[in-house]
Asker: 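First the structure, which I've put down as structure tokens, then a few questions once you've had a look.
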Number of protein chains: 2
Amino acid sequence: MIQKTALLSPRPVRSRPTRAQTRERILNGALEAFAERGFQGATQEDICERVRLSRGAYNSNFRSKEELFFAIYDRTIERLERHLETSIASALSGPGPAVENFVRAFIAGYAFDRSWYLLQAEFGLHALRNPAVASHYAARQARILSVIEEAVCRVWSGIEPGRPHASSRVARLILAVHEGAMFQRLLEPSAIKDGELLALFAEFLVSRSVIDA
Amino acid sequence: MIQKTALLSPRPVRSRPTRAQTRERILNGALEAFAERGFQGATQEDICERVRLSRGAYNSNFRSKEELFFAIYDRTIERLERHLETSIASALSGPGPAVENFVRAFIAGYAFDRSWYLLQAEFGLHALRNPAVASHYAARQARILSVIEEAVCRVWSGIEPGRPHASSRVARLILAVHEGAMFQRLLEPSAIKDGELLALFAEFLVSRSVIDA
DNA sequence: CCATCTCAATACATACCTGTATCGAATGAT
DNA sequence: ATCATTCGATACAGGTATGTATTGAGATGG
């Protein structure tokens with residue numbers, strides 16, 4: 001026999017948000033603040049104001065700024081990874097030339113918005129300066145790279161059998177182009193049309209003879 | 001007749017450094033400090049300690065942190081531009097395949113050291129956040145881009161007459177790859193051999209049919 | 001040789017950010 | 001209903017960075 005059933009308790013309306021909810025709100029504020037003011041520039045006050053919470057909530061939920069930074073970075077990179085995976089998967093299963101589909105999917109799936117890019121860039125710089133952070137960052141980036149590499153292999157398996165033995169470096173190359181392009185595009189939106197550099201890059205990629213070199 | 005000649009005045013030994021000298025020392029300290037601690041993280045104390053000067057010298061020479069940041073960035077990017085120009089020029093005039101020479105020269109000339117990269121990246125992030133800084137950064141980057149584009153055109157003119165009409169975008173592409181590769185390499189030196197990504201990219205470039213597309 | 005000026009070092013005042021401690025309201029268990 | 005607990009808001013203290021003012025040593029010119 002079931003002792004406690006929720007059947008008769010239709011969850012009373014809480015006037016007080018759950019801990020997870022406030023934590024989430026702070027993460028949202030942190031994303032914005034870190035993106036717009038940088039890690040050092042973002043203050044507790046700044047973060048909390050954006051989501052209408054007090055520093056009490058902040059300090060109650062996160063032990064330190066570093067901890068919050070890691071948390072928001074992890075959340076962002078995980079969403080990014082999933083986003084990239086699904087959009088690549090759907091693109092590769094569609095009709096049309098695989099390479100173009102892949103590139104388009106990459107642009108769509110990895111074209112995280114301004115805040116995501118800025119946060120990731122900020123964390124990247126942080127990683128370059130702190131060896132401890134570097135390993136964390138590298139591990140996260142490795143997952144992104146493997147998603148890209150997997151896609152590269154699948155694309156090329158449709159062109160010729162076997163995986164290109166430079167797939168790892170190709171993945172890094174793709175990522176490098178994207179990061180660089182993303183930066184230039186955010187800086188001068190007028191200078192580069194949407195995904196233009198990646199599209200140009202895709203044309204290079206099509207000359208697949210190079211892959212096997 | 002020359003009234004004042006320096007022939008008999010072999011510049012007395014100054015016990016006090018010139019203003020330009022101390023300014024230069026502070027710039028050196030700023031380069032290191034901004035690179036290793038970031039713009040916000042670098043303090044006056046930090047900068048001054050590295051070059052054995054007091055904050056008095058700092059505040060006497062620079063009105064604000066922003067001003068110093070701009071000054072050290074400008075100095076760095078100018079050196080970078082000259083470095084890139086000369087190394088490309090000498091490489092293109094040498095024997096061997098032009099594309100490879102160019103890429104090698106690019107790596108050598110633009111492979112500024114860790115501090116230069118970090119400073120530039122930091123300034124880039126700053127530019128993304130402050131529109132006022134963005135225009136300054138874009139102007140500087142435009143000069144770098146034109147140097148690269150010029151080289152691209154010269155390389156391709158040796159292959160076929162006329163300049164590729166996508167040369168501007170190719171230049172941006174090269175810069176994007178380099179920035180991205182530089183970052184990955186600094187983060188995981190073991191993962192990428194020296195200029196490996198750019199070399200791979202050079203192989204793509206060799207299939208010049210794409211350029212004219 | 002003296003007077004003036006330059007410039008970097010030191011001292012000071014102000015502002016601000018972080019983390020801790022305290023307080024009060026909402027929750028849910030008995 | 002009551003009591004203990006959770007949790008976010010407010011108040012406080014410590015540390016630190018910035019910019020200004022002041023001072024004294026060294027240069028410069030008459």
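The chains referred to below are lettered A, B, ... by the order of the sequence lines, with proteins before strands, and numbering in each begins at 1.
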Asker: Counting N and O atoms only, with roles assigned by atom type, does the side chain of B/E85 sit under 3.5 Å from a partner on the main chain of B/V147, one being a donor and the other an acceptor?
Answerer: no
Asker: Can you tell me how the ring of B/Y137 sits relative to the ring of B/F123, calling it parallel under 30°, perpendicular over 60° and tilted otherwise?
Answerer: parallel
Asker: Side chains of residues 32-41 of chain A: which donor-acceptor pairs under 3.5 Å do they make with residues two or more places apart or in other chains?
Answerer:
unit_1, atom_1, unit_2, atom_2, d
A/E32, OE1, A/R50, NH1, 3.2
A/E36, OE2, A/R114, NE, 3.2

Asker: A/E45 CD to C/dA15 C1': how many Å, rounded?
Answerer: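 So the CD-C1' distance, A/E45 to C/dA15, works out to 14 Å.
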Asker: Assert yes or no for the condition that the ring centre distance of A/F70 to A/F62 is strictly below 6.0 Å.
Answerer: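 That pair fails the under 6.0 Å test.
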Asker: For B/E67 and D/dT18, what is the distance between atoms CD and P respectively, to the nearest whole Å?
Answerer: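 Roughly 15 Å, once rounded to whole Å.
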Asker: Can you see which heavy atom on B/A71 is nearest to which on B/R23, and at what distance?
Answerer: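 Smallest interatomic distance, heavy atoms only, reads CB-NH2, 4.1 Å.
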Asker: B/Q40 has an atom CD; how far is it from atom P of C/dC16, in whole Å?
Answerer: 14 Å
Asker: Using 4.0 Å as the upper bound for N to carboxylate O, is an ion pair formed by A/E122 and B/R129?
Answerer: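 Yes.
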Asker: B/F62 CZ to C/dC7 C1': how many Å, rounded?
Answerer: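 Computing the B/F62:CZ to C/dC7:C1' distance gives 14 Å.
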Asker: Decide whether B/S167 and B/E149 meet the rule of one side-chain donor and one side-chain acceptor closer than 3.5 Å.
Answerer: yes
Asker: Any N/O pairs under 3.5 Å between the protein and nucleotides 7-11 of chain D? List them or say none.
Answerer:
unit_1, atom_1, unit_2, atom_2, d
D/dC7, O4', A/R16, NH2, 3.2
D/dC7, O2, A/R16, NH2, 3.1
D/dG8, OP1, A/T22, OG1, 2.8
D/dG8, OP2, A/R19, NH1, 2.9
D/dG8, OP2, A/N61, ND2, 3.2
D/dA9, OP2, A/S54, N, 2.8
D/dA9, OP2, A/S54, OG, 2.3
D/dA9, O5', A/S54, OG, 2.9

Asker: Can you tell me the distance, in whole Å, between the CZ atom of A/F69 and the P atom of C/dT18?
Answerer: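 After rounding, the gap between these two atoms is 14 Å.
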Asker: Expressed as a whole number of angstroms, how long is the span from B/L68:CG to D/dA17:P?
Answerer: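 The answer, rounded to whole Å, is 16 Å.
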Asker: Could you give the CD-to-C1' distance, from B/E66 to D/dG19, as a whole number of Å?
Answerer: 15 Å
Asker: What I want to find out is whether A/E179 reaches A/R172 closely enough, with some N-O distance under 4.0 Å, to be called a salt bridge.
Answerer: no
Asker: Polar-atom pairs under 3.5 Å, protein N or O versus N or O of nucleotides 3-5 of chain D: list them with distances, or write none.
Answerer:
none

Asker: Is there a donor-acceptor pair under 3.5 Å between the side chain of A/R25 and the backbone N or O of A/V51?
Answerer: yes
Asker: Roughly, in whole Å, what's the span from CD in B/E24 to P in C/dA8?
Answerer: 13 Å
